[in-house]
Structures are given as structure tokens and as C-alpha cells.
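Residue numbering restarts at 1 for every chain, and letters A, B, ... go by the order of the sequence lines.
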Amino acid sequence: MPKEVKDTLNLPQTGFPMKANLTQKEPEMLKFWEENKIYEKLQNKNSGSKHYILHDGPPYANGHIHIGHALNKILKDIIVKFKSMQGFYSPYVPGWDCHGLPIELQVDKNLGEKKDRVDILEKRKLCKEYAEKFVDIQREEFKRLGVMGDWAEPYLTMSYGYEGTIVREFSEFVKKGYVYKGKKPVHWCPSCVTALAEAEVEYADKESPSVFVKFEVKSEAASGGSPRRELKDILPEIAGKKVFFIIWTTTPWTLPANLALAFHPDFIYVAVEHRDEIYIVAEGRLDALKERIDLNGKVLSKISGKDIEGVNAEHPFIQRKSRAVLGEFVSLEEGTGIVHIAPGHGEDDYGIGLKYGLDIYAPVDDKGKFTKQAGELEGEFVFKANAVIIETLKNKNALIKEEKITHSYPHCWRCKKPVIFRATEQWFISVEHNNLRGKCLEEIDRVNWIPTWGRDRIYNMVSSRPDWCISRQRAWGVPITLIRCEGCGEFVKKDSVLDAITKHIEENGADIWFMKKAEDFLPSGYKCEKCSSASFSKEMDILDVWFDSGVSHAAVMKKNPKLSWPADIYLEGSDQHRGWFQSSLLASVGTKGTSPYKTVLTHGFVMDGSGKKMSKSLGNVVAPQEVIKANGAEILRLWVSAEDYRDDVRISKEIIDRLTEAYRKIRNTARFLLGNLSDFDGKDYSNDLLEIDRWAMARLQTLTAKITSAYERFDFHEVYHLLHNFCVVDMSSFYLDILKDRLYTFKSDSKERRAAQWVLNRILLTMTGLMAPVISFTAEEIWRFIAGKKEESVFLSPFPKADEKYLDPALEDKWAKLIAIRNEINKALEIKRQNKFIGNSLEAKVILYLPEKAFNLLNEYKEFLPALFIVSSAEARQAAGKMDGVYESEEIKGMSVIVERASGKKCERCWNWSTSVGTYSNAAELCHRCYNVIK
RNA sequence: GGGCCUAUAGCUCAGAUGGUUAGAGCGCGCGCCUGAUAAGCGCGAGGUCGAUGGUUCGAUUCCACCUAGGCCCA
């Protein structure tokens with residue numbers, strides 16, 4: 001008999017599997033989206049609507065994607081899907097950054113010894129193939145994450161059209177007068193033989209010599225020079241003695257290029273006796289130097305830094321004067337408070353060189369060897385020359401102390417070798433010309449920065465950044481398409497010539513620059529307008545890749561007819577405040593006057609479980625491919641939404657395990673809903689709702705409103721928490737648990753059961769839509785099981801809207817009180833359960849003693865109380881003073897609970913205990929209620 | 001060294017214009033159920049709110065400094 005009784009119940013039925021099996025299912029879902037062109041249909045559907053353009057920052061086409069790429073692309077995908085479901089026209093055109101040193105070096109590595117013999121066009125071809133290979137690899141990896149977009153038509157910075165735009169934008173800068181060629185010390189890698197962008201330099205510890213060097217202060221009269229400032233005039237105490245300025249440096253090899261000594265204008269300098277000589281150092285360094293260089297002599301006199309300006313010293317081993325100059329950058333952190341200045345070998349040095357009109361002197365060639373100008377040192381590699389120079393200093397009695405020091409020093413990002421600062425001929429975009437810097441700063445204040453501190457970060461950077469060095473002495477990139485007159489050295493900057501070159505590149509790609517002669521880019525018979533020479537040469541430097549990606553706003557947003565300008569949002573890691581956000585801003589403001597983006601959202605970096613950065617050496621790297629293999633891309637997507645990306649985010653096995661649990665809960669909640677809707681007829685039962693059903697509907701609307709707002713604020717971790725809490729708290733442990741009795745035991749087509757199903761259906765549809773931007777695979781999988789849905793994909797359905805008809809804060813408040821009472825009953829029941837007095841709560845009958853307010857509230861629900869508390873019988877009474885042996889609530893003052901065994905017998909069908917069980921001769925095991933259902 | 005940022009239970013996150021025992025979910029522990037079952041339900045234990053000073057009647061919340069961590073720069 002029991003079996004037959006069970007057959008009369010309406011138990012959940014669904015083919016929707018409990019086990020997600022994501023690793024296997026996800027590829028099937030991807031195939032479904034691709035074959036059925038869901039992304040394309042979504043675009044068509046929204047084609048007439050308001051645009052919401054997220055412009056993709058191009059990842060570098062080298063290597064497999066790492067976890068940071070996954071974070072970035074999934075965040076973008078969540079936004080694009082949310083906006084699209086909301087009805088915005090929001091196409092996503094992904095792109096790749098294809099030119100640049102890393103690829104070229106990889107190709108060089110593959111070429112081995114042949115690298116220097118191979119033709120530039122051949123090398124460029126190999127670079128192109130290399131980039132194409134990784135574009136394909138990364139494209140598949142990005143698609144595997146469930147990211148929707150124009151994957152068939154991405155933008156590549158190496159496509160002809162894009163290269164053409166780079167040249168056109170560069171020409172714009174030339175025409176507007178921003179571009180100049182100058183000598184300037186730049187980071188230079190002697191090993192890679194190239195200038196490096198700031199972004200291409202890494203800091204690492206290096207051991208360097210640390211030397212204190214004497215520069216003798218000599219009287220000018222002896223050399224017969226013009227009347228100059230004489231130290232002995234200022235400091236009469238030192239007359240007749242040998243006086244030295246003392247400097248400290250960790251780069252002795254820059255001493256041959258020394259042209260000056262810098263003093264801080266506000267520091268006090270002291271003349272100290274040292275044996276029979278006098279040393280001059282900053283007063284603030286005296287204590288440290290006493291120990292360091294044994295400077296213990298008597299302080300003879302003091303002088304302000306600004307009074308030393310103009311005094312000349314003698315270079316320790318070259319026949320040359322070294323001038324005393326002033327610099328605010330001089331610090332008392334280390335050294336002597338006097339800084340050796342080589343304008344060709346340092347940034348501050350360069351600045352001061354310009355100010356004092358010093359030569360930007362750098363007698364070092366592109367391989368890091370001294371040139372003829374350096375005399376005896378010619379041919380010596382700079383770092384090796386350190387030893388030679390130290391020896392020379394010793395011989396000249398100019399060396400005070402020599403030590404080794406390990407300090408943070410710039411290294412080449414590719415070859416990892418130490419780099420040098422070296423003045424070279426480079427191309428620059430001036431940030432002062434046309435007030436570019438000022439305009440950028442103004443634009444920064446018009447942009448919405450998320451988080452808000454992004455504004456301060458980029459503002460400070462732009463405020464202090466130097467001119468943009470845009471040239472590179474390399475092969476794999478877009479050439480600086482300028483033509484130089486061999487006669488006078490002037491560059492041809494005529495608009496018509498620049499435009500013709502742009503056209504050439506647009507049609508044939510940048511390779512054409514390397515195939516043809518300079519004259520081929522000029523009108524036939526062209527002669528230099530200045531000197532009438534007919535002999536020309538091409539500039540052979542290429543452009544910084546940051547210029548490539550910086551003009552994506554023009555190459556993609558302006559040119560792709562699907563897109564529009566400016567972008568609504570740029571979204572990248574916070575390192576891009578210096579990188580792409582800045583190069584894009586400069587590139588756009590320089591030529592168009594305004595920012596290319598309205599909003600810039602940044603995320604942090606992915607750290608390991610303890611917040612440390614990932615590195616191969618630490619062995620704490622988490623690869624997205626492995627998470628996908630073990631848990632599925634869906635878990636990665638859930639992870640992205642669960643973490644607060646404003647700060648750095650963490651990933652670890654525990655985090656993934658927790659999320660997998662959370663995922664199961666969400667999935668099972670959906671499964672339960674589906675199971676109980678298998679026989680739903682789809683009709684409207686909204687007029688038959690019980691109050692608890694209206695409560696559930698109210699909660700659902702609140703959830704919808706909160707989640708929508710969270711998406712709009714880009715607070716995706718709130719989406720995750722809200723959704724999960726709704727499943728756990730409101731649904732699983734409360735509403736659905738209570739509903740089981742109605743769903744299972746009531747007549748299948750009863751109004752009460754249908755009303756519940758109607759609500760469940762609404763919950764399922766809404767939840768599925770709400771989760772879709774984040775857990776897309778699962779949302780789509782659920783969607784397939786939903787009966788009577790209209791759209792073939794959840795992404796073609798509109799994003800859920802809160803139905804105001806069901807919003808009911810008063811009802812929610814009222815039920816919050818009921819739930820609080822229910823929680824107290826659970827505590828009382830638990831005590832009895834632990835005592836083995838009851839097992840299942842249906843074995844219990846509860847009698848509640850309540851304070852007046854609570855009593856009045858419960859009195860409204862007399863008939864519903866057993867269902868609400870999931871007990872067989874419940875009765876509320878007015879509190880009647882203190883009683884012994886009953887549960888007294890701590891949370892609700894004056895509430896106590898008596899738990900008794902339910903009277904009667906257990907109904908074999910609904911499991912409730914009732915005195916009516918056994919009263920039916922033809923169905924002795926049933927209660928009154930069940931008897932009436934199945935009679 | 002400079003700019004910007006972060007630090008609340010094992011994990012992911014809330015929170016307070018400064019004011020009673022700092023919240024949620026997960027995990028964990030102990031049970032119940034076996035009609036969501038590689039599920040479901042209940043109860044419970046976990047936090048000197050990174051450290052130290054200061055302002056205040058009162059600070060985890062404001063300020064300073066420090067420590068740890070991150071991005072960018074030198």
C-alpha cells in the first residue's frame with residue numbers, strides 16, 4: 001500500500017540534472033550559441049536601440065591567457081550581456097595588440113643565429129604569423145570562457161586598415177605640430193639595442209659599485225677665464241687649502257659624461273676638514289658620512305646651497321670644468337647632498353642640463369660601449385668600464401671610498417639585463433604643445449572613474465609625465481612614416497605627402513614602407529622645398545606600440561560601423577592608468593580634443609589565496625585553463641562576480657571550493673523549481689495567491705530591483721551575494737520548504753497548488769534572467785527546460801524588471817516578524833530533537849506563549865501556523881507569566897514555546913500527524929485532508 | 001624613495017554622520033530527515049574589525065605613524 005500512496009503525490013520531476021557536469025556541458029552550450037547565432041540575433045534585436053559601447057582594450061597577442069585575462073574578459077562580458085538583455089545595442093568587438101618587441105624577440109629567438117641576417121620583410125612576416133597564431137589561441141580561450149562577441153571579426157593592430165589609421169593619426173600629430181625629434185636620455189637596452197618605453201622597464205635588484213668621488217674646486221684666475229664666482233670669496237676660512245666637492249654615485253661609468261654637480265638650493269653645506277684637505281658636503285648628511293667615509297674633521301664654515309651656484313670644479317680625470325648647479329631633486333636620503341650630473345645619462349640630469357644649457361652629452365654607442373669621444377675608454381662596455389674608471393679615480397687620488405651595493409635598478413623587460421640611460425635621437429610627442437597636458441587634465445575631470453580614486457591616479461601621472469617618446473629602433477611595428485631630405489636634413493611635413501603615405505599604408509599595409517624607396521612615396525620629381533635637393537631617405541624607426549593601441553578609438557570605434565564614438569566604457573586592470581587609458585587619452589585629445597571614453601572602470605590584479613602575487617618561482621600560479629578543466633568556466637565566471645574587483649582579488653582552492661558549493665545551491669534551487677513545474681499548465685493563477693505567495697513575489701521583486709541596481713553600479717559581487725542568499729535564505733530554507741506540503745500533497749490541479757506553481761514559474765524565469773550575465777551556461781541550460789518560454793535563448797529574453805504590482809515592503813516587514821518567531825520555534829524544536837523527544841518537526845505540536853503584539857500577529861494566521869512552522873499542530877496563546885520547563889526565547893522577550901508530541905497518528909501520505917488518521921475504514925493510513933484529495 | 005589603493009570570522013562579502021551583545025552566506029561542529037537524495041532541514045561554535053599612538057565622555061568607524069600586501073613610477 002505505501003507505494004500506491006506515494007504514487008498519489010505530486011513529487012518533483014525533471015530531466016534537469018543535479019550534477020552540472022560543466023566541463024562537458026559548456027562546449028555543447030558554446031556550440032549552440034555559435035550555430036544558432038545567438039550573439040548576432042541579439043545584435044539584430046537591439047540594432048535600433050540606444051548604444052552602449054564597451055570598447056575592448058587589446059591584450060598582447062603572445063602566450064596563452066592567464067587568470068588576469070579571464071577576470072578582465074568575464075567582467076566585460078557580464079556588462080555587455082546585462083546591457084544587451086536590457087535592450088541596449090551593445091556589440092562587443094574584441095581586439096589584439098599585435099606589434100611590438102616581445103613578439104619580435106620571440107621570433108629572433110626562434111631564428112637563432114640567423115636573426116641578424118634575415119631581411120626585415122621576412123622578419124615582419126614571421127612576426128605577423130606568430131601574432132596570428134596567438135590571436136587564434138587566445139580567441140579560443142576567450143570564447144571558452146563563455147564570452148560573447150564579434151569573434152569572427154576582431155580588430156588587429158596589424159591589419160592594413162588599422163595600420164593605416166595608425167599612420168593617419170600619427171600624421172595628424174605631425175600636422176598639428178606635436179611631433180619633434182630630439183636628443184634625450186631614454187632607457188636603453190644595450191643587449192636588445194633599442195630604446196625602451198617606461199612600460200618596458202622592470203626594476204630588479206642589481207649589485208653596483210658605490211663610490212665617493214672628489215671634485216676639486218679650483219680658482220678660475222689660473223685658467224684665465226671670465227670672472228666667476230669663487231668659493232674662496234664666499235668662504236674665506238678655506239683660503240689656501242685644497243677644497244673638494246664630494247659626490248656619491250653607483251654608476252661610475254657616467255662620470256666621463258659628467259658636466260655638472262647639483263646642490264639643493266635650500267640645503268646647508270658644510271666645509272669640513274679632512275686631514276689637510278677640505279670636503280664640502282650637505283650638513284644633513286654629515287652624521288651619516290662620519291661613519292661612511294670617516295669624515296670627522298672640524299666644520300670650518302657653512303654655506304647655503306644656492307650660494308654655491310656657478311662655482312666651478314675640476315673633473316677628476318678629464319680636462320673639463322664641472323659646474324655647480326641647483327636642483328630640487330637633490331635629497332638627503334643617501335649620498336652627500338651633492339649629485340653628479342651627466343645630462344646624457346639621467347632624467348633629472350637631462351632636465352637640469354636643459355635648464356643650464358649644458359650639452360646632452362653621452363659618449364656611449366647603441367651597444368653600450370664608449371665612443372671615440374671617451375678617449376681611452378673607447379670600445380669598453382659601460383658596466384665593465386666601472387672598474388677601469390674606479391682605477392683611474394684611485395690613481396688620480398679622487399676616490400674616497402669604494403663599496404658594493406645591491407639596489408633596485410632598471411632592467412629590460414625582455415632580456416632581463418640591466419639597462420642604461422643614454423641620450424639618443426628620438427621622436428617625441430610634446431605634451432606641452434597646444435597645451436595637450438592641460439587639455440588631458442581637463443578631460444580627466446569629465447570622465448567617470450570607477451573606483452573614484454582612478455581620477456587622482458591618472459591625474460597625477462599625466463601632470464608629471466614627460467613628453468611621449470614614440471620611436472623604437474626595431475622591425476616589428478608601424479614605421480614612423482616621415483621622409484627626410486638628404487640635402488638639408490629637414491623632414492617633409494606637407495599635408496599632401498603625409499596623406500599620400502597614409503593611403504599607401506591603408507591599401508598595402510605597413511610593409512610597403514620597407515619595400516619601396518623614399519622617392520616612391522613622393523610626387524614624381526619632388527624637390528625639397530627648403531634646399532631643392534631631390535635626394536630623400538625614409539625614417540626607419542618604428543612607433544611605440546602604445547601609440548598603436550592608443551589610437552584604437554579611431555581605428556575601431558570610428559571605423560567599425562557597428563560602433564560609435566566616444567565609448568561608454570573602457571574596462572581594464574589598474575595598470576592601464578599609465579598604459580592604455582593614458583595613451584588613448586593623449587591620442588584622442590591630441591587629434592580630436594576630447595576623451596575617447598565616458599567611464600573608465602578598473603579592476604585589481606589576481607593574487608593567490610594569501611594575497612600574494614602569483615609567480616612561477618613561488619609556484620602559486622592558478623591557470624584559468626586548469627580551473628576550467630577541473631570545475632568549468634562557469635565557476636570562474638561565478639568567481640569573477642563574487643570577488644570585489646576594485647581591490648586585488650584572490651583565488652585559491654578553498655575559494656573555488658566555496659564557490660562550487662554556492663553554485664550547486666543555485667543550481668539545485670533552479671532544479672527544484674523545474675521539478676515542481678513539470679505539470680504546470682501555464683495559466684494565470686495570480687488571483688489565487690496565498691499571503692505567503694505574495695510575500696515570495698514581493699521578495700522576488702525586491703531581489704530583482706537590488707540585482708538590477710547592482711549590475712548598473714557594476715557591483716557584481718552584490719549580484720552574487722543577493723542571488724545566493726535569495727536561494728538559500730528566502731527560497732530553500734523557507735518558502736520552498738514550506739511549499740513542499742502544498743506542492744506534493746494537494747490535488748495536482750487545485751487552485752492552491754497551481755497558485756504556488758504560478759509563483760515558482762515567475763521565480764524561475766526571473767532568477768534565470770538575473771543570473772544570465774554571470775552564470776551564462778547554467779542560465780541557458782535552465783532556459784531550455786523552462787516550458788512555454790518564447791525566446792530560443794535566455795539572452796534574447798528581456799532582462800527581468802521588478803513588477804511594482806508585487807512590491808510590498810509592509811508585507812515583507814510583517815513576514816520578517818513571522819520569520820523571527822519561526823526561528824525561535826526552531827530553537828525550541830531543536831532542543832527536543834537533541835533530547836530524542838522528536839525527530840522530524842512534523843512529530844511535534846507547538847504551543848506558543850507570546851507578548852500581545854506578537855500574539856495578535858499570529859492570530860491572523862491561525863490556520864496557517866502548522867504549515868508555516870512545518871509542525872503538525874501549532875497554537876498561539878497570550879503570554880501568561882513565567883512557566884517552568886519551557887523554552888524561553890532570548891530574542892523575543894516574553895515569548896516561550898512548549899513542544900509536545902503531536903496527537904493522533906502519522907498520515908502515511910502527507911506525514912503530518914493527525915487524529916483523523918485511522919478514521920477511514922477504506923484508507924486507515926490517511927488523514928482527513930489526504931483522504932479528500934484521493935477519494 | 002614618490003603617487004594611488006587595500007587590510008572586518010577559515011572563505012567571499014555587509015556594516016556603522018563615531019554610541020547598547022559587529023552582521024550574512026558558505027565552510028566547520030552536533031543533530032534531524034530520507035518524497036530536491038553525490039540533495040533538503042535545524043541548532044551551535046568562530047571576530048581584542050592589521051599594529052601603535054592621538055582626538056573624543058566614547059573609535060573597529062576620524063587623524064597620524066607603523067606593518068603587511070598590491071598597481072604604477074623612480
Side-chain angles (χ1 to χ4, degrees), chain A residues 5-6 9-14 16 18-19 198-199 201 203 329 331 333-334 346-348 407-410 451 453-461 463-465 573-579 582 602-607 609-613 638-639 641-644 646-650 652-662 664-665 667-676 715 717-718 720-729 732-734 736-737 740-741 743-745 822-823 825-836 838-843 870 890 909-911:
Chain A
V5 169
K6 191 168 173 176
L9 294 168
N10 313 298
L11 296 179
Q13 275 185 342
T14 177
F16 185 82
M18 174 175 280
K19 191 163 186 289
E198 285 142 60
V201 172
Y203 286 78
F329 60 86
S331 90
E333 298 287 329
E334 46 189 2
E347 195 142 40
D348 290 329
H407 61 156
S408 176
Y409 189 86
W453 50 257
R455 181 262 173 208
D456 293 342
R457 192 169 152 92
I458 194 165
Y459 194 95
N460 289 342
M461 288 179 181
S463 298
S464 61
R465 71 157 295 150
S574 59
D575 55 335
Q576 300 303 331
H577 285 117
R578 174 148 289 268
Q582 200 175 136
T602 55
H603 58 254
F605 281 64
V606 185
M607 301 295 138
S610 55
K612 294 260 164 58
K613 104 167 89 177
L638 197 59
W639 166 74
S641 89
E643 299 275 330
D644 184 352
R646 290 174 194 74
D647 191 11
D648 290 335
V649 299
R650 299 178 179 199
S652 67
K653 188 178 179 301
E654 173 166 19
I655 292 169
I656 291 294
D657 285 349
R658 291 295 81 79
L659 285 163
T660 305
E661 300 282 346
R664 282 207 203 102
K665 188 71 187 191
R667 184 180 178 89
N668 273 326
T669 303
R671 181 171 182 267
F672 183 80
L673 298 175
L674 282 168
N676 285 290
D715 285 339
H717 60 288
E718 283 185 34
Y720 159 78
H721 281 285
L722 286 164
L723 180 67
H724 186 238
N725 271 22
F726 180 75
C727 286
V728 174
V729 181
S732 194
S733 76
F734 186 69
L736 299 181
D737 208 26
K740 283 171 191 168
D741 183 69
L743 290 166
Y744 297 172
T745 71
R822 185 180 189 259
N823 289 338
I825 292 168
N826 275 335
K827 285 178 195 170
L829 288 170
E830 185 59 27
I831 292 168
K832 294 292 183 181
R833 189 149 40 219
Q834 299 283 347
N835 293 343
K836 306 292 173 195
I838 56 162
N840 187 323
S841 59
L842 284 174
E843 290 165 23
I870 318 188
E890 284 177 29
R909 186 167 176 277
C910 70
W911 292 350

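Atom-to-atom, CD1 of A:Ile655 to P of B:C26 comes out at 18 Å; the value is rounded to the nearest Å.
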Return one dot-bracket line describing RNA chain B 5' to 3' (Watson-Crick or G-U wobble pairs, both distances under 3.5 Å; ( ) same strand, [ ] crossing, | another strand, . none). (((((((..((((.....[...)))).(((((.......))))).....(.(((..]....))).)))))))).
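For the P atom pair drawn from B:C62 and B:A7, the interatomic distance equals 11 Å after rounding to whole Å. Comparing B:U56 with B:C43, their P atoms are spaced 46 Å from each other, to the whole Å. With C1' as the reference atom, B:A16 and B:U61 are 6 Å apart, rounded to whole Å. Comparing the P positions of B:G46 and B:G10 gives an interatomic distance of 12 Å, to the nearest angstrom.
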Starting at the 5' end of nucleotides 64-72 of chain B, put B wherever the base has a protein heavy atom under 4.0 Å, S where only the sugar-phosphate does, and a dash everywhere else. -----SSBS
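Judged by distance alone, with hydrogens and angles left aside, A:Ser732 brings a side-chain donor or acceptor within reach of the base of B:A36, the pair sitting under 3.5 Å.
Put simply, A:Tyr744 does not rest on the base of B:G35: the two rings are not both less than 5.5 Å apart at their centres and under 30° in tilt.
A salt bridge links A:Asp737 with A:Lys740: the distance from a Lys NZ or Arg NE/NH1/NH2 to an Asp or Glu carboxylate oxygen falls below 4.0 Å.
Atoms NE2 and CG, on A:His724 and A:Leu638 in that order, are 8.5 Å from each other to the nearest 0.5 Å.
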Begin with the C-alpha distance, continue with both residues' side-chain angles, and end with the deciding distance and a verdict on salt bridge (Lys or Arg N to Asp or Glu O under 4.0 Å) for A:Glu830 and A:Lys827. CA-CA 5 Å; A:Glu830 185 59 27; A:Lys827 285 178 195 170; over 6 Å; no
Applying salt bridge (Lys or Arg N to Asp or Glu O under 4.0 Å) to A:Glu661 and A:Arg664, what does each step give before you reach the verdict? CA-CA 5 Å; A:Glu661 300 282 346; A:Arg664 282 207 203 102; 3.7 Å; yes
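B:G25 has its base anti relative to the sugar, with a glycosidic angle deviating from 0 by more than 90°.
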